[in-house]
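Okay, so here's the structure we're looking at.
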There are 2 protein chains.
Amino acid sequence: MNIGEIARRAGVSRSTVSYALSGKRPVSEETRRKIQRVVDELGYRPSASARALANGRTSTLGLVFPPAGNHYTGMQLDFIGSVVEAAAAYDYDVLLSPSGVDSDRSFQRLLGERRVDGAILMEIRLEDDRVDHLSALAFPSVAIGRTARPEGAWWVGLDHTALVERCVHHLADLGHRRIAFVNRPEQLLRTGYESAHRGLEGFTKAAAERGLTVRTYCCGDDADSGQTCVERILHDDPATTALVTLNEAALGGLYRGLARAGRHVPRDFSVTGVVAGRWAETVTPQLTAADVPAAEMGRLAVDLLVERLDHPDAPPRHHLLTPPISLRASTGPAGARPDTDTGTDTAR
Amino acid sequence: MNIGEIARRAGVSRSTVSYALSGKRPVSEETRRKIQRVVDELGYRPSASARALANGRTSTLGLVFPPAGNHYTGMQLDFIGSVVEAAAAYDYDVLLSPSGVDSDRSFQRLLGERRVDGAILMEIRLEDDRVDHLSALAFPSVAIGRTARPEGAWWVGLDHTALVERCVHHLADLGHRRIAFVNRPEQLLRTGYESAHRGLEGFTKAAAERGLTVRTYCCGDDADSGQTCVERILHDDPATTALVTLNEAALGGLYRGLARAGRHVPRDFSVTGVVAGRWAETVTPQLTAADVPAAEMGRLAVDLLVERLDHPDAPPRHHLLTPPISLRASTGPAGARPDTDTGTDTAR
DNA sequence: CACTTCACGCGAACCGGTTCGACAACCGAT
DNA sequence: ATCGGTTGTCGAACCGGTTCGCGTGAAGTG
């Protein structure tokens, strides 16, 4: 079942078999066919380990995703799926690595033991040890997300700042003056998670530009937290008429909280944000949102990484995406119900 | 950076370095420390490819998941995440393979090129080529799901039949007499997808036992399809008062369809089914459902596979799980609103 | 003091491919 | 007949580990 066996049966040398299969040197049509027949008969396939050892390439990409214990969001699934598919199109396999903090065990495995030719990093933080580490090593990698100083790096990212700004402007245009921002969990914000930071930045900036009264909240990645968060928002400022969120996992809970408080979406309360399209369509009314093009981002990341692998000294490239806001049904003009009705919640 | 380099610097032979690091033969404390110092200084890590070639084990598990183009569900994400985590605990990496149909390219890569020591299969069909193929090859694998004849195989599965039966009984106990079943997409049912079949079987059986009037539907894996499906259900039999579903991606759409038709959950209409707990808690009212313990299943699958790898001729084992129904808020007694009100939908 | 025993370390072979340099056979051109 | 250039094939070295068998020096024993 190894190349020697094939060579013996075909009556040629091992190197000839190798050349016949790889085509890296001409082989006469006759011996090529002879070899091919033996290969087909035995169903021979060259061992990936041996090949990797010999030519130093594993044909495998590493996909580094967030630390264990975190909730996984739907977006992450879309990244994973699209990365795997895109990689397969280039004849690469994908090795999953549950790495979070820098220099942890499985991260070491990928690089130190040379299991992968390149890596794609998810869940980027503004100051990211992993990115620094990889770039110091000049190890081919592409980040899905963008650090504080992304110059000279390879990445594909979403312009969360601009997207959230647009959401705020959209709401302001509709007449909303008191808006809340529902961010990802505080722990993520504290550790410098990119989208949480840039989203917040965009929110603050746009709110200032429009002179809005705003509050910002962190919210756990689950429905219950979303519900609690809405309770806090309406308690802190019952006159709030809209919110912007990045937290797709909490979305259902946000809606529930609003319903419980007797706020009808979009009549008395508008909701918008940046979430995957699939989630935006799951809630009722469907969410007006900038749809995260996760599948496209995964594909682009693989494209970049493969390019970087094929041309080791190509200049750094990146893609910054700014998908448009999809108008659905969760936002509407402010003041359909007068602002005066703010004393107590109408429902328990 | 290879073992020869370490040996040279430590002034010993390559084999001694190998033994010192693996501990497979005793090495004097002194030389061991000498070697360890050099290793630490240079940050040496043995090449995975070379090791794999030498000892025939890749320390990698394959995770075979559904064909491209499918929507991925939240459940699948939970499987992937828990498998990766559990594998890491055993010092295995996980290689993702987007294989669907049998003997397709990437499936061949995993096995033919010996990239993995064992495989975990997801999205099992009752007659599954991949399972047959692997068991014919005696290749170590564990299925998440159970074929029509699972005897002698390694798997971890959910007793969809029993779970859906329980859902039906739960509804029947509440007085519901006309119940619909919302299955996964027709294409999955047609190709023999396990959960769709067994779920349907359990539904039919329990409905017969309780003498219920039922209809069964297939529904696409997205919110819009869910909404459309509810419209069909209420059109086909406006007296329907409850539904059971396996389709978590459609859940939001089902709720929307009911709301649009003016049916309040759970006052005029009960909903239940088998979905991941996270999803059940996202909708409002929260879904009374048998929560799919996806994370546990992934972990168990890895446990089984590792056991099988460590003891090549251990007898086949499996786990059939039957999680309890979590009572939440989406089911209630039938007839809170009289059955007579069935002429036309009250809302558009 | 010679004789086993044991702990330790070494060299060589091997895993299964790839790749380089050499060489033989054949071609047409001088 | 000789020479230069192809074309097709082979042998050997190499990738970076693991593992087996053997040799050696020190310790233990009668």
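In what follows, every heavy atom counts, from backbone to side chain, and hydrogens, waters and symmetry copies are set aside. Computed from a prediction, not measured in an experiment: that's the story for all the values here. Chain letters run A, B, ... following the sequence lines, proteins first, then strands; residues in each count from 1.
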* Report the C-alpha distance between Gln36(B) and Val39(B) in whole Å, list the side-chain angles of each, state the deciding distance to 0.1 Å, and finish with yes or no for side chain to side chain contact (heavy atoms under 4.5 Å, CB included). => CA-CA 5 Å; Gln36(B) 191 60 50; Val39(B) 165; 4.1 Å; yes
* To do: Begin from the C-alpha positions of Asp117(B) and Thr58(B) and carry the test side-chain hydrogen bond (donor to acceptor under 3.5 Å, both in side chains) through to its verdict.
  => CA-CA 6 Å; Asp117(B) 297 336; Thr58(B) 59; 2.9 Å; yes
* **Intermediate values then yes/no, side-chain hydrogen bond (donor to acceptor under 3.5 Å, both in side chains), Thr16(A) and Ser13(A)** => CA-CA 5 Å; Thr16(A) 302; Ser13(A) 75; 3.1 Å; yes
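Within the helix from dC1(C)-dG30(D) to dT30(C)-dA1(D), the inter-axis angle between the opening and closing five-pair segments is 50°, rounded to 10°.
Rounding to whole angstrom units, NZ of residue Lys34(A) and P of dT9(D) are separated by 8 Å. Per the geometry, CD belonging to Glu30(B) stands 14 Å off P belonging to dA26(D), to the nearest Å.
Ion pairing between a basic and an acidic side chain is recognised when a charged N comes within 4.0 Å of a carboxylate O; Glu307(A) and Arg317(A) show such pairing. Salt bridge Glu127(A)/Arg149(A): present, at least one basic N to carboxylate O contact under 4.0 Å.
For DNA chain C, the span of nucleotides reached by chain A at under 4.0 Å from its heavy atoms goes, 5' to 3', from dG16(C) to dA22(C).
Environment of CD in Glu30(A): sparse, with no more than 12 heavy atoms of neighbouring residues, nucleotides or ligands closer than 6.0 Å.
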What protein N or O atoms touch nucleotides 20-23 of chain D N or O atoms at under 3.5 angstrom, if any, and at what distances?
unit_1	atom_1	unit_2	atom_2	d
dC20(D)	N4	Tyr19(B)	OH	2.9
dG21(D)	N7	Arg25(B)	NH2	3.2
dG21(D)	O6	Arg25(B)	NH1	2.5
dG21(D)	O6	Arg25(B)	NH2	3.4

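Checking Lys24(A) against Arg32(B), the closest nucleotide of DNA chain C that is more toward the 5' end is the one next to Arg32(B). Each of Asn55(A) and Pro26(A) lies near DNA chain D, and the nucleotide nearest Pro26(A) is the one positioned closer to the 5' end.
Separation of atoms CH2 (Trp154(A)) and CG (Leu305(A)) is listed at 9.0 Å; rounding is to 0.5 Å. Between the CD atom in Glu113(A) and the OG atom in Ser49(B) there is a gap of 10.0 Å [rounded to 0.5 Å]. Atom CG of Leu126(B) sits about 9.5 Å away from atom OG of Ser195(B), to the nearest 0.5 Å. To the nearest 0.5 Å, the span separating CZ on Arg57(B) from CZ on Arg114(B) amounts to 15.5 Å. One finds the CZ atom of Arg14(A) at 12.5 Å from the CD atom of Glu5(A) (value rounded to the nearest 0.5 Å).
Base engagement by Ser18(B) is indicated by at least one non-hydrogen atom pair under 4.0 Å involving a base atom. Counting non-hydrogen atoms under 4.0 angstrom, Ser22(B) reaches nothing in the nucleic acid.
The minimum heavy-atom distance linking Arg130(A) with Glu123(A) is given by the pair NH2-O, 3.0 Å.
Contact check of residues 5-13 of chain A against DNA chain D (heavy atom, cut-off under 4.0 Å) returns Gly11(A), Val12(A), Ser13(A). Contact check of residues 43-54 of chain B against DNA chain C (heavy atom, cut-off under 4.0 Å) returns Leu53(B), Ala54(B).
Under 3.5 Å, the side chains of Asn2(A) and Tyr44(A) contain no donor-acceptor pair of N or O atoms. A side-chain donor from one of Ser28(B) and Thr31(B) sits under 3.5 Å from a side-chain acceptor of the other.
Residue pairs meeting the salt bridge (Lys or Arg N to Asp or Glu O under 4.0 Å) criterion with at least one member in residues 75-84 of chain B, sequence neighbours excluded: Asp78(B)-Arg278(B).
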